[in-house]
Colleague: 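Following this message is one structure expressed as C-alpha cells.
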Amino acid sequence: ETDRRSQFIAFRMIDCDLINELCCKHYSGHSTRLKRKLNFQPKDKVCCTKNGYVTDLKDILEYGQEITKPCKSNKLTSEGEIQNHTEQEPGSTNTEKSFPDNQNTIRLCNGEIYFIDKDVEVDEVRYLTLTDLDNCHYTVDFKQVRKTCKLRHAWARTIHTFQGSEAETVVYVVGNAGRQNMQHVYTAITRGCNRVYVVAETQQLDKTVMMKSRVRKTRLR
C-alpha cells in the first residue's frame with residue numbers, strides 16, 4: 001500500500017514516533033532523527049503542526065544570481081506624504097541572493113500532509129520542495145518552514161490531530177488502552193474511506209471499548 005493513500009493513527013505520541021521511525025526506514029531509507037534532531041530527506045511524509053505563512057520560492061533555482069542590496073530611505077514629498085526611495089549606499093559591497101519578482105506568501109495549515117520531493121542547498125541556504133496530496137508544489141526555505149510551521153514526520157498521526165481528515169486506508173494502532181474510550185475508537189475507524197485495519201491486543205481493545213468517556217467539567221455552553 002502506498003503511503004500517499006494510507007495513514008497510521010494512534011492515541012499516544014510515543015506510538016506515533018515508533019511507527020514513524022519504522023516507516024521512515026522502510027519508505028525513505030533513513031532514521032527520523034540525526035544527532036537528536038529531526039532528519040528530513042526526500043520521499044519523507046511530513047505535516048505542519050502549526051499554522052504559518054511562508055514564502056513560496058518555486059523559481060529560486062532559476063533566479064540564482066546575486067544583486068547588490070539596496071538601501072531604503074524615506075523622503076517627504078511636497079504634499080507631506082512619505083515616499084520610499086531605494087538607493088545604493090556609497091562603497092557598499094553587501095550582497096544577497098535575489099529572488100524572482102513573483103514571490104508570494106502561502107499559508108501552510110496545521111495537519112496538512114506533504115511529501116518532500118527535492119532537498120537542495122543554494123549558497124548555503126537549504127530549500128525543500130513540498131508536494132501536497134493535490135500535487136501542488138511549493139519550494140520553501142527549510143529553516144523558515146521548520147520554525148514557523150513546526151514540521152514533523154507524518155506517516156503516523158495521533159487521533160486528535162487527524163480529526164476531520166480522511167485517508168483511503170487507515171491503520172489504527174491501539175497500543176496501551178490507557179485513557180482511550182469508545183469515542184476515540186469511533187473517531188479512528190471513521191477516518192478510513194475504503195479500508196480500516198485495527199492493530200491491537202484483544203484485552204487492550206476490549207478495555208478501550210468498555211471505557212466510559214470522562215465528563216468534562218466546564219462552564220461553556
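Just so we're clear, the structure is a prediction, and the values are computed from it rather than from any experiment.
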Colleague: Look at the side chain of Arg191 and the backbone N and O of Ser165, then say whether any donor-acceptor pair between them is shorter than 3.5 Å.
Modeller: yes
Colleague: Assigning hydrophobic clusters by single linkage (Ile, Leu, Val, Met, Phe, Trp, Tyr; side-chain heavy-atom cutoff under 4.5 Å), is Ile159 placed with Met211?
Modeller: no
Colleague: Give me the atom names and distance for the closest heavy-atom approach of Ile9 to Ala188.
Modeller: CD1-O, 4.1 Å
Colleague: Determine whether more than 12 heavy atoms belonging to other residues, nucleotides or ligands lie under 6.0 Å from atom CD of Gln163.
Modeller: yes
Colleague: If you group Ile, Leu, Val, Met, Phe, Trp and Tyr by side-chain heavy-atom gaps below 4.5 Å, do Leu151 and Leu108 land in one group?
Modeller: yes
Colleague: Counting neighbours of CD1 on Ile14 that are heavy atoms of other residues, nucleotides or ligands and sit closer than 6.0 Å, is the number greater than 12?
Modeller: no
Colleague: Decide whether Met13 and Leu18 are clustered together by the hydrophobic rule: side chain heavy atoms of Ile, Leu, Val, Met, Phe, Trp, Tyr closer than 4.5 Å, transitively.
Modeller: no
Colleague: On a heavy-atom basis, which atom in Ile19 and which in Val173 lie closest, and how many Å separate them?
Modeller: CD1-CG2, 3.7 Å
Colleague: Are the side chain of Asn20 and the backbone N or O of Trp155 linked by a donor-acceptor pair below 3.5 Å?
Modeller: yes
Colleague: Evaluate the criterion side chain to side chain contact (heavy atoms under 4.5 Å, CB included) for residue pair Leu128 and Gln144; output intermediate values, then yes/no.
Modeller: CA-CA 10 Å; Leu128 299 181; Gln144 183 186 37; over 6 Å; no
Colleague: Quick one: does Ile116's side chain get under 4.5 Å of Thr129's, heavy atoms only?
Modeller: no
Colleague: Restricting to salt bridge (charged side-chain N to carboxylate O under 4.0 Å, His left out), what partner residues turn up for Asp132, sequence neighbours left out?
Modeller: none
Colleague: For Asn51, does its backbone N or O pair with a side-chain atom of Asn110 as donor and acceptor, under 3.5 Å?
Modeller: no
Colleague: Quick one: do Phe162 and Val196 end up in the same hydrophobic cluster if we chain Ile, Leu, Val, Met, Phe, Trp and Tyr together by side-chain heavy atoms under 4.5 Å apart?
Modeller: yes
Colleague: Measuring from Thr55:OG1 to Asp141:CG, what's the distance to the nearest 0.5 Å?
Modeller: 8.5 Å
Colleague: For the CZ atom on Arg179, are there more than 12 heavy atoms of other groups (residues, nucleotides or ligands in this structure) within a distance under 6.0 Å?
Modeller: no
Colleague: Any donor and acceptor pair, going by atom type alone, linking the side chain of Thr2 with main-chain N or O of Arg5 inside 3.5 Å?
Modeller: no
Colleague: Applying side chain to side chain contact (heavy atoms under 4.5 Å, CB included), run through Tyr172 and Val185 and close with a yes or a no.
Modeller: CA-CA 8 Å; Tyr172 171 35; Val185 177; 4.0 Å; yes
Colleague: So which heavy atom on Gln183 is nearest to which on Asn181, and how close?
Modeller: N-OD1, 2.9 Å
Colleague: Supply the atom-to-atom distance Phe115 CZ to His137 NE2, rounded to the nearest 0.5 angstrom.
Modeller: 13.0 Å
Colleague: Any heavy-atom pair between the side chains of Ile113 and Arg157 that's under 4.5 Å?
Modeller: yes
Colleague: For a quick test of reading the model, state the closest non-hydrogen atom pair linking Ala177 to Gln204 and the distance between them.
Modeller: N-OE1, 2.8 Å
Colleague: List the atom pairs, donor and acceptor, that lie under 3.5 Å between side-chain atoms in residues 42-49 and the rest of the protein, sequence neighbours left out.
Modeller:
unit_1 : atom_1 : unit_2 : atom_2 : d
Asp44  : OD1    : Ser28  : OG     : 2.8
Asp44  : OD1    : His30  : NE2    : 2.8
Asp44  : OD2    : His30  : NE2    : 3.1
Asp44  : OD2    : Gln41  : N      : 2.9
Asp44  : OD2    : His153 : NE2    : 3.3
Lys45  : NZ     : Asp3   : O      : 2.9
Lys45  : NZ     : Ser6   : O      : 2.8
Lys45  : NZ     : Gln7   : OE1    : 3.1
Thr49  : OG1    : Lys150 : O      : 2.7

Colleague: For Glu121, I'd like to know if atom CD has over 12 heavy atoms of other residues, nucleotides or ligands within 6.0 Å.
Modeller: yes
Colleague: Return yes if some donor-acceptor pair links the side-chain N/O of Thr190 with the main-chain N/O of Thr187 below 3.5 Å, else return no.
Modeller: yes
Colleague: Going only through I, L, V, M, F, W and Y residues with side-chain contacts under 4.5 Å, is there a path from Val209 to Tyr186?
Modeller: no
Colleague: Which salt bridge (Lys or Arg N to Asp or Glu O under 4.0 Å) pairs, counting each pair once, include a residue from residues 21-41, with sequence neighbours left out?
Modeller: Glu21-Lys25
Colleague: Supply the atom-to-atom distance Phe40 CZ to Thr32 OG1, rounded to the nearest 0.5 angstrom.
Modeller: 9.0 Å
Colleague: How close do His184 and Gln180 get, counting heavy atoms only, and between which atoms?
Modeller: ND1-CA, 3.5 Å
Colleague: Locate the shortest heavy-atom distance separating Tyr138 from Ile106; write the atom from each residue and the value.
Modeller: CD2-CD1, 3.4 Å
Colleague: Heavy-atom count around Tyr114 OH within 6.0 Å, excluding the residue itself: above 12?
Modeller: yes
Colleague: State, with a plain yes or no, whether a side-chain heavy atom of Val174 is found less than 4.5 Å away from one of Val198.
Modeller: yes
Colleague: Is any side-chain heavy atom of Gln203 less than 4.5 Å from a side-chain heavy atom of Asp206?
Modeller: no
Colleague: Can a cation-pi geometry be assigned to Arg126 and Phe142, taking NZ or CZ under 6.0 Å from the six-membered ring centre and within 45° of the ring axis?
Modeller: yes
Colleague: Which value, rounded to the nearest 0.5 Å, describes the distance between Asp119 atom CG and Leu130 atom CG?
Modeller: 10.0 Å
